[in-house]
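Taking it in order: structure first as structure tokens, then the write-up.
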Amino acid sequence: MTRVLSGAALVLVAIGVVWFANTLVFFAFALGLTVLATEELLKLAYASRVDLPVTACRFATALVICSSVFAGALEVGLLSAFVAVAAASLGSWRGGPDALTTVAVALFPAFYVALPIAAMVGIRAHGGPSALFLLMLTVMVSDTAQYYSGRAFGRRPLAPLVSPKKTVEGAIGGFVFGGAVFTIVGAWWLPDTPAPFRAMLGVTIVALGIAGDLFESMLKRSAGVKDSSALIPGHGGVLDRIDALLFAAPVYYIVLMYV
């Protein structure tokens with residue numbers, strides 16, 4: 001019951017923020033989401049005994065989303081984060097063979113967390129609330145279909161080392177229902193996109209969502225934890241809720257902007 005109630009509350013919050021929040025409120029929400037997800041990722045790194053430059057990581061993620069949003073282009077945020085972290089490493093390096101590793105690790109949260117969230121802000125800014133909600137709805141329906149299809153028909157493990165409960169049959173259910181939602185609902189919310197292209201894009205979003213889910217499961221399993229945090233009762237942390245979107249959003253953004 002706790003999971004159901006908190007899940008319903010999450011859906012209501014998502015609908016309210018995506019559809020009704022003004023630009024400033026939506027950005028503030030996205031920035032807060034970035035901060036929370038970054039902190040969870042830093043905790044996973046600590047549990048995995050990975051030595052992250054915490055201050056540089058936090059600064060890079062904040063810089064990516066802020067500069068991307070205000071400049072209206074993701075590449076501005078990426079370049080800003082890279083230059084800032086690289087410059088900071090010049091002043092903090094004290095010799096030794098770890099400079100390349102430190103810079104690469106410091107940039108990872110910016111690429112994994114801040115870039116996709118900035119992409120979601122960009123999707124809403126350029127395509128409107130309906131374009132962003134279509135992405136979120138597709139991922140939510142796919143996740144639900146994977147769960148129930150897996151419970152009903154699951155026999156073959158999809159990625160037993162990473163997520164033993166995920167099955168091939170569950171993934172097929174996600175592709176069918178998630179792809180159908182994007183194709184059908186997209187006729188209203190993306191009316192200028194041909195149906196075959198919507199179907200292809202919907203299947204791609206589902207595939208990226210599954211990959212994003214498995215990727216975060218790998219990080220958690222490596223760290224020896226079940227959830228990224230206990231922030232959301234019955235659902236884990238922020239990363240646990242947005243892991244599929246983190247892989248799907250940048251590709252969807254590119255398609256909307258350039259294809």
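In this chain, residues are counted from 1 in sequence order.
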With side chain to side chain contact (heavy atoms under 4.5 Å, CB included) as the test, would you mind laying out the steps for L245 and M120 before giving the verdict? CA-CA 9 Å; L245 289 168; M120 285 187 266; 4.1 Å; yes
Would F175 and I210 count as a side chain to side chain contact (heavy atoms under 4.5 Å, CB included) here? Give the steps. CA-CA 10 Å; F175 277 111; I210 292 173; 3.9 Å; yes
Let's go through L41 and F108 carefully: what are the C-alpha distance in whole Å and the side-chain angles of both, what is the deciding distance for side chain to side chain contact (heavy atoms under 4.5 Å, CB included) to 0.1 Å, and is it a yes or a no? CA-CA 10 Å; L41 187 59; F108 176 68; 3.9 Å; yes
Quick one: do D240 and K220 satisfy side chain to side chain contact (heavy atoms under 4.5 Å, CB included)? Show the steps, please. CA-CA 10 Å; D240 297 318; K220 292 188 295 184; 2.9 Å; yes
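In the hydrophobic clustering of ILVMFWY residues, with side-chain heavy atoms under 4.5 Å counting as a link, I123 and M257 come out together. Under the 4.5 Å side-chain contact rule for hydrophobic residues, L24 and F29 do not share a cluster. Follow the hydrophobic side-chain contacts under 4.5 Å out from Y252 and you reach F111 in the same cluster. Residues L190 and W188 are members of one and the same hydrophobic cluster, defined by side-chain heavy-atom contacts under 4.5 angstrom among Ile, Leu, Val, Met, Phe, Trp and Tyr. Linking Ile, Leu, Val, Met, Phe, Trp and Tyr whenever their side-chain heavy atoms come within less than 4.5 Å puts W19 and V181 in one cluster.
When all heavy atoms of L161 and R221 are compared, the pair lying nearest together is O-CD, 2.9 Å. Of all the heavy atoms in V105 and C57, the pair that sits closest is O-SG, 4.0 Å. Here the closest heavy-atom approach between residue R155 and residue E169 is recorded as N-OE1, 3.0 Å. Closest non-hydrogen pair, G186 versus L134, comes out as CA-CD2, 3.8 Å. When all heavy atoms of A106 and A56 are compared, the closest pair comes out as CB-CB, 4.2 Å. The minimum heavy-atom distance linking L158 with A171 is given by the pair CD2-CB, 4.1 Å.
In this structure, the separation between CG on L132 and CG on L256 is 10.0 Å, given to the nearest 0.5 Å. For the atom pair F82 CZ and L63 CG, the distance stands at 13.0 Å (nearest 0.5 Å). Atom CG in L42 sits 10.0 Å away from atom CD in E40 (nearest 0.5 Å). Of the inter-residue distances, the one linking L33 atom CG with T38 atom OG1 reads 9.5 Å to the nearest 0.5 angstrom. Within the model, atoms OG1 of T61 and CG of L115 stand 12.0 Å from one another, a figure rounded to the nearest 0.5 Å. From F182, atom CZ reaches atom CD1 of I184 across 12.5 Å, with rounding to the nearest 0.5 Å.
No side-chain heavy atom of V64 sits less than 4.5 Å from a side-chain heavy atom of I117. Residues Y253 and P116 are not in side-chain contact: their nearest non-hydrogen atoms beyond the backbone lie 4.5 Å or more apart. Contact check for V11 versus M140: side-chain heavy atoms found under the 4.5 Å cut-off. With a 4.5 Å cut-off on side-chain heavy atoms, I205 and V139 count as touching. Contact check for L31 versus V69: no side-chain heavy atoms found under the 4.5 Å cut-off.
When atom types are taken as modelled, the side chain of S149 and the backbone of A145 share a donor-acceptor pair closer than 3.5 angstrom. A donor-acceptor pair under 3.5 Å is absent between the side-chain atoms of Q146 and the main chain of K166, judged by distance alone. Between the R156 side chain and the V168 main chain, no donor and acceptor come within less than 3.5 Å of each other. In this structure a side-chain-to-backbone donor-acceptor pair under 3.5 Å is missing from S142 to T138. The backbone N or O of V18 lies less than 3.5 Å from a partner atom in the side chain of R124, making a donor-acceptor pair.
Residue F197 qualifies as enclosed at atom CZ: its count of foreign heavy atoms under 6.0 Å is above 12. The neighbour count for F215 CZ, taken as heavy atoms of other residues, nucleotides or ligands under 6.0 Å away, is above 12. Residue Y112 qualifies as enclosed at atom OH: its count of foreign heavy atoms under 6.0 Å is above 12.
Under a 4.5 Å side-chain heavy-atom cut-off, the cluster of Ile, Leu, Val, Met, Phe, Trp and Tyr residues that includes L100 has no other member.
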